[in-house]
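Okay, so here's the structure we're looking at.
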There are 2 protein chains.
Amino acid sequence: MIDQNIKIAVDAIVFGYEKGTLYVLAVQQRFGKLADRWVLPGGFILNDEPLLMAVERELKEEAGITVNYLEQLGTFGDDINRDERFRVISVAYFALVNPKNFVLKADTDAKDAKWFPITEIPQLGYDHNAMVNLAHQRLKSKLTYQPIGFDLLDQEFLFSDLENLYCSILERDIDRRNFRKKILSFGIVIETDKVVKMGASGRPGKLFTFDKTKYNQLLKGNFQFDISFA
Amino acid sequence: MIDQNIKIAVDAIVFGYEKGTLYVLAVQQRFGKLADRWVLPGGFILNDEPLLMAVERELKEEAGITVNYLEQLGTFGDDINRDERFRVISVAYFALVNPKNFVLKADTDAKDAKWFPITEIPQLGYDHNAMVNLAHQRLKSKLTYQPIGFDLLDQEFLFSDLENLYCSILERDIDRRNFRKKILSFGIVIETDKVVKMGASGRPGKLFTFDKTKYNQLLKGNFQFDISFA
DNA sequence: TTAACTTTGTGTTGTTTTAACACAAATTAA
DNA sequence: TTAATTTGTGTTAAAACAACACAAAGTTAA
């Protein structure tokens with residue numbers, strides 16, 4: 001018989017984006033050794049619960065949100081003294097959400113839930129800062145070869161929103177004309193006939209949407225989404 | 001208290017390459033419900049053992065090999081009825097080795113250890129076929145953006161070996177001249193002054209080596225290894 | 001009401017990269 | 001010595017990329 005004394009948890013790195021700033025969701029622990037400490041949302045999985053479902057449940061429970069995109073990031077198991085009672089191995093998930101769609105709502109386990117700008121993440125409990133760093137890298141690289149930026153935006157967005165998202169997350173300037181040309185050349189972003197007046201001054205712009213169906217069709221061929229600029 | 005009844009295992013998908021064929025390592029189970037069944041090498045981790053170390057230990061124990069390249073692939077936890085005594089969650093690792101460097105040696109837990117051509121993998125126990133498929137995809141894509149092919153070859157190799165490796169793993173033709181030009185342009189593959197006579201007929205070729213130090217240097221700049229052909 | 005400001009929208013051109021392509025040189029086998 | 005096999009090498013047309021500026025539509029302030 002195997003005498004493992006190890007428990008399995010899931011944790012999520014949830015990214016949100018708003019007005020040029022990238023945020024990560026953290027929750028404040030209510031109980032335990034690390035009470036009051038900020039950590040990533042997550043928790044132990046149930047015996048008969050698939051991993052993905054566990055993440056979704058925890059996100060609902062601890063922050064009241066449902067994400068747009070969720071994928072496994074990696075498993076962190078070498079922080080052996082995370083908990084004194086037993087070793088904890090945590091499967092980390094990478095998630096994207098549009099913060100406008102939800103009001104954060106801390107629930108039973110969490111005392112509070114809050115968006116931290118990626119540049120101002122406090123010291124988190126466990127090895128959660130390492131997870132955030134890895135997820136941040138993943139976000140940056142994935143943005144260039146998969147159309148996941150749309151999961152951070154409203155369903156209808158201005159072209160400048162998309163452009164600013166890329167600029168701020170990749171931390172570099174992008175030529176507006178080349179960017180627009182390239183994105184439109186894929187045929188997966190379509191122009192609606194809605195025109196929106198900016199709150200501020202400036203010429204009104206058209207709203208665009210991401211055509212996911214079209215994207216999935218293209219994937220069956222050998223289309224490769226790719227945004228990379230000097 | 002948490003009443004999880006889950007155990008954690010690691011499994012490895014070890015790729016080997018020889019003469020145009022890609023192989024995956026499997027072992028035949030000696031004990032348990034699936035005795036005689038072929039499975040991926042792996043096993044339960046020890047309480048205080050880091051995950052990577054567990055994989056290395058299992059590979060040593062079950063097949064007598066040490067790999068050239070090892071990275072986490074993903075965690076598979078939804079095969080809930082894998083074991084009747086408890087749920088097993090397995091962290092899968094992706095590994096590369098040059099088969100010539102080792103003689104497979106099944107040990108205590110394994111009855112036998114064997115290389116299967118990727119095209120002739122039998123039905124494996126648990127969800128191991130799914131792991132192999134994911135690893136295979138990872139190998140293919142990684143080959144194009146990271147110089148991992150060298151971990152499957154001898155330290156000194158003919159240019160045609162490298163070329164054939166790419167052709168056979170990516171399953172497509174590659175223009176010899178363009179391929180050579182591109183690889184050499186990176187400056188991470190260097191020509192030795194050794195000339196080798198083929199066993200068969202043909203003009204003798206020079207041996208080449210991969211300059212890992214140079215590659216690591218380049219990585220500090222913004223060099224990007226990239227092999228992609230039509 | 002006019003001028004200044006802000007944001008959207010659009011084309012061209014030179015440079016670089018990629019894809020397509022063929023033949024000579026060195027060796028072995030017949 | 002001829003045929004077969006494998007290594008080694010350059011050019012060119014086409015495509016992709018990078019760099020660049022100005023007019024149009026609206027708002028704000030004078």
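Convention: sequence-line order gives letters A, B, ...; per-chain numbering from 1. Values in this document were obtained by computation on a predicted structure and should not be read as measured data.
When heavy atoms are screened at a 4.0 angstrom cut-off, B:K181 is found touching base atoms of the nucleic acid.
If you measure from atom CZ of A:F159 to atom P of C:dT10, you get 10 Å, rounded to the nearest angstrom. In this structure, B:N178 atom CG and D:dG8 atom P are separated by 16 Å, rounded to whole Å. The separation between B:K206 atom NZ and D:dG8 atom P is 7 Å, rounded to whole Å. Rounded to a whole Å, the CG atom of A:D175 is 13 Å from the C1' atom of C:dG9. Between the CD1 atom of A:I227 and the P atom of D:dA16 there is a distance of 14 Å, rounded to whole Å. In this structure, B:R177 atom CZ and D:dT12 atom C1' are separated by 12 Å, rounded to whole Å. Between B:F179 atom CZ and D:dG10 atom C1' there is a gap of 19 Å when expressed in whole angstrom units. For the pair B:I183 CD1 and C:dT18 P, the computed distance is 13 Å after rounding to whole Å.
Counted by atom type alone, B:N98 and B:D154 present one or more donor-acceptor pairs between their side chains at under 3.5 Å. Of the N and O atoms on the side chains of A:Y215 and A:Q217, not one donor lies less than 3.5 Å from an acceptor on the other residue. Using modelled atom types, one finds a donor on one side chain and an acceptor on the other under 3.5 Å when comparing B:T75 with A:T75.
At a cut-off of 3.5 angstrom, the base of C:dG9 holds at least one donor-acceptor pair with the side chain of A:R176.
OP1 or OP2 of D:dT7 sits under 4.0 Å from a side-chain N or O of B:S160. Between A:R180 and the phosphate of C:dT10, there is a side-chain N or O to OP1/OP2 separation shorter than 4.0 Å. Distances shorter than 4.0 Å separate none of the side-chain N or O atoms of B:R203 from OP1 or OP2 on D:dT5. Taking only side-chain nitrogens and oxygens, A:K182 comes nearer than 4.0 Å to OP1 or OP2 of D:dC17.
Taking the ring centroids of A:Y23 and A:Y17, they lie at or beyond the 6.0 Å cut-off.
Taking the six-membered ring where tryptophan is involved, the planes of B:F179 and B:F159 are perpendicular, since the angle between them exceeds 60° and thus also 30°.
Remark: the backbone N or O of A:L207 is paired with a side-chain donor or acceptor of A:T192 at under 3.5 angstrom.
Remark: A:K111 engages A:D36 in a salt bridge, criterion side-chain N to carboxylate O under 4.0 Å.
Inter-axis angle, ends of the helix from C:dT1-D:dA30 to C:dA30-D:dT1, five pairs per end, rounded to 10 degrees: 0°.
Each of A:D226 and B:E191 was matched to the nucleotide of DNA chain D holding its nearest heavy atom; the match closer to the 5' end belongs to B:E191.
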